[in-house]
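Below is one structure, written out as structure tokens, with a few remarks after it.
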There are 2 protein chains.
Amino acid sequence: MDQLRETLKGHQLRTTTCREDVLSTFINKKNALSHGDLEGALGENYDRVTIYRTLKTFLEKGIIHKVLDDEGLRYALCSHSCSEEKHQHDHIHFKCSACGETNCLETLHIPSIQLPNGYQPENFNLLIQGVCPKCN
Amino acid sequence: MDQLRETLKGHQLRTTTCREDVLSTFINKKNALSHGDLEGALGENYDRVTIYRTLKTFLEKGIIHKVLDDEGLRYALCSHSCSEEKHQHDHIHFKCSACGETNCLETLHIPSIQLPNGYQPENFNLLIQGVCPKCN
DNA sequence: CTTCACATGCAACAGAGTTGCACAATTATT
DNA sequence: AATAATTGTGCAACTCTGTTGCATGTGAAG
């Protein structure tokens with residue numbers, strides 16, 4: 001409970017029940033969540049729009065990051081302390097085609113890639129689709 | 001012109017002006033295109049819905065593939081002959097943060113990655129964001 | 001040139017995401 | 001502890017994206 005307030009404060013955010021609930025949902029369910037997932041979990045307590053705005057705020061402040069998917073956009077907690085200035089992610093996302101869950105594989109990193117001349121890379125995003133250990 | 005018909009025939013598709021136009025748009029503009037891009041280019045000639053259905057058909061037949069992006073979905077031509085049965089893509093997509101274009105880097109391949117036990121990969125999708133040679 | 005299967009356009013709908021504004025809650029100030 | 005300033009929330013309305021059903025049009029095969 002207090003940890004939530006700490007996290008929010010640490011990112012210069014007021015503590016509100018909605019933000020606490022969204023944050024704790026991300027912490028409890030460990031996989032990446034879409035807006036729809038959150039609306040399903042918290043929709044009776046908060047307005048759709050508020051959840052959208054909470055996600056946007058968390059994104060900007062570096063609490064969560066986007067996870068790309070062939071069927072839409074999800075969000076997951078930033079593991080290392082990202083901030084408003086610096087979003088650094090070079091880890092891998094794995095989407096299970098059986099259970100549909102998408103997870104960050106924090107321990108793995110994307111190997112460095114030799115790009116052709118003139119390309120200046122800034123951000124890497126690797127999505128692997130397949131079957132996860134739970135469904136295997 | 002005839003090449004278009006060949007391509008369509010080769011994928012068991014009737015040649016219609018809409019399909020020819022969509023296909024030639026992909027060939028001319030070489031970058032990945034969203035539905036909106038195509039609607040902008042061809043919207044006066046064809047219905048929104050028809051363009052959606054054309055994209056869906058091209059996807060199923062293996063003429064184009066999805067390109068994931070932090071701001072949505074795009075499509076790009078399949079380089080090697082993909083078919084209805086087999087979609088094989090392990091190349092890299094590069095999105096320029098300056099001009100906004102997304103391109104396939106066909107010559108590069110995603111390095112193999114050692115996944116933790118239990119993960120069965122089937123499909124890889126790597127998006128690199130940065131600055132492309134044109135904007136550098 | 002006719003027939004059959006398939007492609008298209010239209011209308012209507014469903015869902016995702018955004019914006020403006022009034023009101024409510026949080027934080028800072030005294 | 002009370003108030004003012006700031007920021008968050010709910011509601012309504014809207015836009016944009018994508019889908020579905022159905023009637024009509026068009027392409028390919030005989």
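The sequence lines fix the lettering, A, B, ..., with proteins before strands; numbering per chain opens at 1.
A donor atom on one side chain and an acceptor atom on the other are found under 3.5 Å apart for A:Ser34 and A:Asp37. For B:Thr102 and B:Asp69, the side-chain atoms include at least one donor-acceptor pair closer than 3.5 Å.
Of all nucleotides listed (D:dC11, D:dG21, D:dA28), D:dC11 comes nearest to the side chain of A:Val49. Which of D:dA28, D:dT19, D:dC11 sits closest to the side chain of B:Tyr52 comes down to D:dT19. Across D:dA28, D:dG8, D:dT9, the shortest atom-to-atom separation from the side chain of A:Thr50 is found for D:dT9.
In 5' to 3' order, the nucleotides of DNA chain C bounding all contacts with chain B (an atom under 4.0 Å from a heavy atom) are C:dA5 to C:dA11.
Ring centers of B:Tyr75 and B:Phe58: at least 6.0 Å apart, outside the cut-off.
In this entry the distance linking CG of B:Asp47 with C1' of D:dG21 reads 14 Å, nearest Å. The distance from atom CZ of B:Arg53 to atom P of D:dG21 is 10 Å, rounded to the nearest whole Å.
Below the 3.5 angstrom threshold, one finds no donor paired with an acceptor across the side chain of A:Arg48 and the base of D:dG10.
A:Tyr52 and A:His35 have parallel rings, their planes meeting at less than 30° on a 0 to 90° scale where 60° marks the start of perpendicular.
Ionic pairing of A:Lys95 and A:Glu71 is present here: one or more N-O contacts between side-chain nitrogen and carboxylate oxygen are shorter than 4.0 angstrom.
Comparing B:Lys56 and B:Thr17 by the nucleotide of DNA chain D that holds the closest heavy atom to each, the one mapping nearer the 5' end is B:Lys56.
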